[in-house]
Number of protein chains: 2
Amino acid sequence: MKKKITLKHIARELEVSISTVSKALKDSAEISKDTKEKIQAFAKLYNYRPNNIALSLKNRRTKNIGVIIPEIVHHFFATVIRGIEKYANNRGYNVIICVSNESFDKEVINMEMLANGSTDGFIMALSAETEFKEDFNHLREVMEQGMPLVLFDRVTNEIDCDKVVIDDREGAYSATKKLINNGNKRIALFTTENFFSVSSEREEGYKQALLDHNYEVSENLILKLDYIDMDNKPIEDFFDREKVDAVLCVNETFGIRAIRVVQEMGLKVPEDVSLIGFTNGFLSKYSYPSLTTVDQHGGDMGEKAAQMLIDRLESEDENEIYETKVLKSTLIERESTIN
Amino acid sequence: MKKKITLKHIARELEVSISTVSKALKDSAEISKDTKEKIQAFAKLYNYRPNNIALSLKNRRTKNIGVIIPEIVHHFFATVIRGIEKYANNRGYNVIICVSNESFDKEVINMEMLANGSTDGFIMALSAETEFKEDFNHLREVMEQGMPLVLFDRVTNEIDCDKVVIDDREGAYSATKKLINNGNKRIALFTTENFFSVSSEREEGYKQALLDHNYEVSENLILKLDYIDMDNKPIEDFFDREKVDAVLCVNETFGIRAIRVVQEMGLKVPEDVSLIGFTNGFLSKYSYPSLTTVDQHGGDMGEKAAQMLIDRLESEDENEIYETKVLKSTLIERESTIN
DNA sequence: TTGTAGGCGTTATCAA
DNA sequence: TTGATAACGCCTACAA
C-alpha cells in the first residue's frame with residue numbers, strides 16, 4: 001500500500017528543502033517559476049494533500065464542528081443536522097456527529113473526546129439524563145477552555161451560552177387553540193416527565209391556552225409517558241378513565257401511538273378524538289389518518305445554530321453576551337384534526 | 001477564558017522538565033513517588049487532558065472511524081450507526097459521522113476531508129449518485145493510502161474490500177414466497193431504479209420466487225419509483241392499470257405510501273391488497289395497518305462492519321484477502337399481510 | 001531564490 | 001531519578 005505523501009517526501013525526491021516545497025505549493029512569489037512548476041507537477045502526480053492533523057496542531061483550530069445529539073433515530077434531530085451541514089459546509093467547516101443516546105455519561109465522554117483537539121466548538125441538544133440530573137459541569141469546562149457552545153432544542157438556563165429554540169410555548173398554545181376553535185371540549189395533554197425543557201414549555205402553552213379560553217385545567221387530563229418505554233398500556237388506561245375529544249401530544253411518536261390506541265378502541269380520528277403532535281416527520285405524514293403537527297423547522301434551527309457558532313469562532317473579540325434565538329413554529333394541519 | 005493546559009505549562013509551573021511531567025502522568029517507575037504525586041495532583045487540579053491532535057500526529061493514528069452514509073433521515077442507517085457506535089466505543093474508537101446526501105461530490109469531499117488525518121478507516125454505504133455513475137476512484141485512492149474501508153448495504157463489486165450486506169435476494173425471495181403461500185395471485189414489485197445494488201438483488205429474489213412457484217414474471221408488475229420524488233401519482237396509476245392482490249416494496253416508505261394509496265382507492269389492506277416492505281422501522285410499526293417488513297438488522301450490520309474495520313486496523317500483517325459478510329434477514333409479520 | 005530554525009503537544013530514547 | 005533531544009507534518013520569520 002502506498003503511504004500518504006508528505007512535504008518531506010517531495011523535498012527529498014526533488015532535492016530541495018521542505019520550506020521550498022511548502023512555498024511552491026502555495027504558489028509563493030518567492031520561488032522561481034521553474035521550481036514551482038516542477039514541485040507542483042510532482043505533488044499533483046503523487047496526489048499530495050496537506051495533513052489536517054498537522055495543520056490543526058499548528059493552527060490550533062480544526063475547522064470541525066462537533067454536534068452531539070441525544071438520539072440519531074429521530075427525524076427532528078436528523079433534520080437539524082442537515083441544516084448544520086448545509087450551513088457549515090458552505091463556510092468551510094466539517095461536521096462531526098456524536099450520539100449521546102440520552103445518557104449523561106456518554107454525553108460527557110463524547111464531549112471530552114471531541115474537545116481534546118477534534119473540534120473548535122459544539123452544537124448540542126442535552127440528553128434526557130443530563131436534563132434530569134441537572135449536571136452541566138462538562139458544558140462549563142468546555143466553555144472555560146475557550147470552545148464556544150450552542151445549545152438547541154433541549155437547553156438549560158443554567159448555562160450561559162448561545163441557544164436556538166422554537167417557541168415551544170407558543171406552538172403548544174396555537175395547537176391547543178386550534179382544538180378549542182374546532183369545538184373540542186375536553187382536551188388532554190400527552191407529555192413526558194417534565195425535566196425535559198421542551199415538555200414543560202409545551203405544557204405551559206397548553207395550560208395558558210385553556211385558561212385564556214375559560215377551559216378548566218385539570219391534572220387528570222395530563223398524562224406523563226415514559227420517553228423510552230413504548231408500552232401503550234398507560235394510553236389505553238387513560239382513554240378508559242377519561243372521556244376526551246382531543247389530545248395534544250408533545251412529540252410525534254406519542255401522537256402516532258395515540259392514533260393507534262384510539263382506533264383499536266373502535267373510535268375514529270378525528271371524528272371522536274382529534275390529535276395533534278409535535279415534529280413534522282415522516283410518521284406524521286404517512287400515518288393513517290395523517291397527523292396534524294407543530295413543525296419545529298429543524299433545518300432552520302440547524303442552520304441558525306451553525307451560524308451562531310461559526311460567527312463566534314471567527315469573531316475577534318470575545319464578547320460575553322450570548323443570544324437566544326427563538327424560531328417560530330408552524331401548525332401543519334392534516335387529517336387527525338377537523339379542518 | 002482559561003486556555004487548555006499542556007505538559008509545558010505544568011512543567012514550567014512545577015519547575016521540572018516536560019518529559020518528567022509526561023512520565024509522571026503515565027505513572028512511570030522512573031519518577032520518584034514525591035514528584036509523581038506532586039505532578040499528578042497539579043494535573044488533576046487543572047484538569048489536564050492530553051491533546052488528541054498531538055497524539056494523532058505522533059502516533060500516526062487517530063482512533064477515529066469515519067462513517068459516511070447517504071442520508072441521515074433514515075431509520076436503517078441510523079440503526080447501523082448505533083451498532084457501529086456500540087462496538088467501536090467498546091474498543092476505544094470514536095465514531096465520526098458524515099452525510100453524503102446521496103451526492104457523489106459530497107461523498108468525495110467528505111472522504112477526502114476525513115482521509116486527511118481525521119480517521120484511520122472508513123465504514124460507508126454508497127450514495128445513489130455514486131452507484132449510478134459507477135465512479136469509485138475516491139474509494140481506491142483512500143485504500144491506496146492504506147486506509148481500510150468496509151462497505152455496507154450499498155456495495156459494489158468494483159471495489160475489493162471488506163463488505164457487510166444482508167441476503168437481499170433471499171429476503172425478497174422469502175417475502176414473495178410468503179405472499180404466494182398466502183394465496184396471492186398477482187404480486188407486484190415496487191422498486192427503485194436498478195442502479196441501486198440492493199434493489200436489483202431484491203428484484204432477483206422476487207423474480208426467482210415467482211419462477212420457482214410457477215408464477216409468471218411480468219415487467220408490467222414491476223413499478224420503478226423515484227427515490228427522491230415523493231409523488232404518489234405513479235402508484236395510483238399503477239393500481240388503476242394493474243389488478244394486483246399483493247405488492248413487495250423494496251423499502252419502507254414505498255410500503256407506507258402504497259398502503260395509503262390503496263386505502264384512498266377504497267380498498268382494504270390486507271384483504272384486498274397485501275403489502276410487504278423492507279426495513280423494520282417506526283413507520284412500519286406505527287402505520288395503520290402496520291406493515292409486514294423484512295428486517296435488515298441494521299444494528300448487527302453496524303457492529304459487524306465496525307469489527308471488520310477495527311480488526312483490520314489493528315492487525316499486523318496486511319492481508320489482502322477481503323471478506324463479504326452476509327447477514328440473514330428476517331420477515332416481521334404484521335397487519336399488512338394475512339397471517 | 002532558497003534554506004534554516006523554531007514551534008504546535010506529545011512521547012521515546014538516551015544522556016546526565 | 002530527571003532532563004535534553006528528536007520526531008510526527010506543517011508553516012513562517014528570518015538568514016543566506
Side-chain angles (χ1 to χ4, degrees), chain A residues 3-40 42-43 46-64 112-113 115-120 145-147, chain B residues 2-40 42-43 46-64 113 115-120 145-147:
Chain A
K3 270 288 148 216
K4 275 213 71 155
I5 191 165
T6 68
L7 291 183
K8 196 160 144 183
H9 294 131
I10 303 182
R12 196 187 307 133
E13 211 62 37
L14 264 38
E15 297 183 310
V16 292
S17 80
I18 294 178
S19 50
T20 304
V21 177
S22 173
K23 286 170 189 163
L25 292 177
K26 300 202 115 57
D27 224 8
S28 157
E30 288 180 25
I31 308 296
S32 73
K33 195 149 162 277
D34 271 10
T35 319
K36 275 202 288 200
E37 276 171 4
K38 194 174 61 178
I39 292 176
Q40 286 170 359
F42 188 90
Y46 284 94
N47 202 6
Y48 169 80
R49 295 264 188 294
N51 180 321
N52 282 337
I53 291 262
L55 286 179
S56 301
L57 185 58
K58 177 119 194 71
N59 301 331
R60 264 79 171 301
R61 46 186 294 172
T62 62
K63 282 264 190 177
N64 286 162
E112 290 198 343
M113 209 155 40
N116 269 334
S118 297
T119 44
D120 299 338
Q145 284 172 20
M147 313 188 74
Chain B
K2 229 185 342 187
K3 270 287 149 219
K4 273 211 71 153
I5 190 164
T6 68
L7 292 183
K8 198 161 146 180
H9 297 330
I10 303 182
R12 198 187 305 133
E13 212 62 37
L14 263 39
E15 298 183 308
V16 290
S17 79
I18 295 179
S19 40
T20 303
V21 178
S22 173
K23 285 171 190 162
L25 292 177
K26 299 205 116 55
D27 224 7
S28 159
E30 288 179 27
I31 308 295
S32 73
K33 196 151 159 279
D34 272 10
T35 320
K36 275 201 290 200
E37 276 170 4
K38 193 176 60 179
I39 292 176
Q40 286 169 1
F42 189 91
Y46 285 94
N47 203 4
Y48 169 79
R49 295 266 188 292
N51 179 321
N52 282 336
I53 292 261
L55 286 179
S56 300
L57 184 58
K58 181 118 193 71
N59 301 330
R60 265 89 164 297
R61 46 186 296 173
T62 61
K63 282 265 188 175
N64 285 161
M113 209 155 39
N116 272 333
S118 298
T119 45
D120 299 337
Q145 285 174 19
M147 313 189 75

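Computed from heavy atoms alone, side chains included, the values below leave out hydrogens, waters and symmetry copies.
Rounded to whole Å, atom P of C:dT11 lies 8 Å from atom CG of B:N59. Taking atom CZ on B:R12 and atom P on C:dG7, their separation rounds to 12 Å, with Å as the unit. Here C:dT11 presents its C1' atom at 15 Å from CZ of B:R61, a figure rounded to the nearest Å. Rounded to whole Å, atom P of C:dT10 lies 9 Å from atom CG of B:L25. Note: CG (A:L7) to P (C:dA5) measures 18 Å, nearest angstrom. We find that NZ of B:K26 is positioned 7 Å from P of C:dA12, with the value rounded to whole Å. A straight line from CD1 of B:I31 to C1' of C:dT11 spans 13 Å, rounded to a whole angstrom. Atom NZ of B:K4 is separated from atom P of C:dC8 by 16 Å (rounded to the nearest Å).
The listed nucleotides are C:dT11, C:dT1, C:dG3; the one nearest the side chain of A:K23 is C:dG3.
Here B:L57 lies in heavy-atom contact (under 4.0 Å) with a base. Across all strands shown, A:S56 has no heavy atoms under 4.0 Å from either base or sugar-phosphate atoms. When heavy atoms are screened at a 4.0 angstrom cut-off, A:S19 is found touching base atoms of the nucleic acid.
Within a 6.0 Å sphere centred on CD of A:E13, other residues, nucleotides and ligands contribute 12 heavy atoms or fewer.
Without hydrogens or angle criteria, B:N59 side chain to B:R61 main chain gives no donor-acceptor distance under 3.5 Å. Side-chain atoms of A:N52 come within 3.5 Å of backbone atoms of B:M113 as a donor-acceptor pair (strictly under, hydrogens ignored).
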side-chain contact (heavy atoms from CB on, under 4.5 Å) between A:K8 and A:V21, intermediate numbers included: CA-CA 8 Å; A:K8 196 160 144 183; A:V21 177; over 6 Å; no
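For the OP1/OP2 pair of C:dG9 and a distance below 4.0 Å, the side-chain nitrogens and oxygens of A:R60 include at least one atom meeting the criterion. Residue A:S32 places no side-chain N or O under 4.0 Å from the OP1 or OP2 atom of C:dT1.
Close approach of DNA chain D to chain B, defined as any atom under 4.0 Å from a non-hydrogen atom of the protein, starts and stops at D:dT1 to D:dG9.
In this structure, CD on A:E30 lies 12.0 Å from OG1 on A:T35, to the nearest 0.5 angstrom. Of the inter-residue distances, the one linking A:I5 atom CD1 with A:R49 atom CZ reads 11.5 Å to the nearest 0.5 angstrom.
Looking at A:Q40 and A:D27, their side chains come closer than 4.5 Å, going by heavy atoms from C-beta outward.
Toward the 5′ end of DNA chain D lies the nearest nucleotide of B:E30, the other residue of the pair B:E30 and A:S22 mapping further downstream. The nearest heavy atom of DNA chain D to A:K58 and to B:S17 marks one nucleotide each, and the one closer to the 5' end goes with B:S17.
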